[in-house]
Structures are given as C-alpha cells and as structure tokens.
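Okay, structure first, notes after.
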Amino acid sequence: MHAGPVMHMARNARKTCDEFSLSCSRATWDTDEEGMWQGQYKGSDDWELREPEDFYGKTAA
C-alpha cells in the first residue's frame, strides 16, 4: 500500500482529536537508525506484542 491512504487516515484522526480536544501524538516503530521501516512489524499492535529485546537484538533476560 502506498502512503497516500495512510496519510489521509492520519490527518482524519488528527482532525478528530483536535475537534474533541483530545491529545494526539505520532508514533513510529520498527525503524533503523535512518528512520526507514524495517518491515518486521506492520502495526503498533505487532510492535507492542513483540518479544522483549534489548538494543542489540538479543532477548532480554
């Protein structure tokens, strides 16, 4: 999917938050040092449910 529909949905979500005076913030996940998506986790739910890892990619104790 290209970014157009995603950006449209994000703008609509932001507009709704503003309309109802809700706090809203942008989140990114599964990116490399340059901010490029790595492709392993496709949604924030996948990211939240991932195995705990440290910054070196090893499973945390």
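If you read the sequence from its start, that first residue is 1, and numbering goes on from there.
- By the side-chain contact (heavy atoms from CB on, under 4.5 Å) test, Gln38 pairs with Asp30, Asp32, sequence neighbours left out.
- Looking at residues two or more places apart in sequence or on another chain, you find a salt bridge (charged side-chain N to carboxylate O under 4.0 Å, His left out) between Asp18 and Arg14.
- When all heavy atoms of Ser23 and Cys17 are compared, the pair lying nearest together is O-SG, 4.4 Å.
- Phe20 shares a hydrophobic cluster with Leu22; the chain of contacts runs through ILVMFWY side chains whose heavy atoms sit under 4.5 Å apart.
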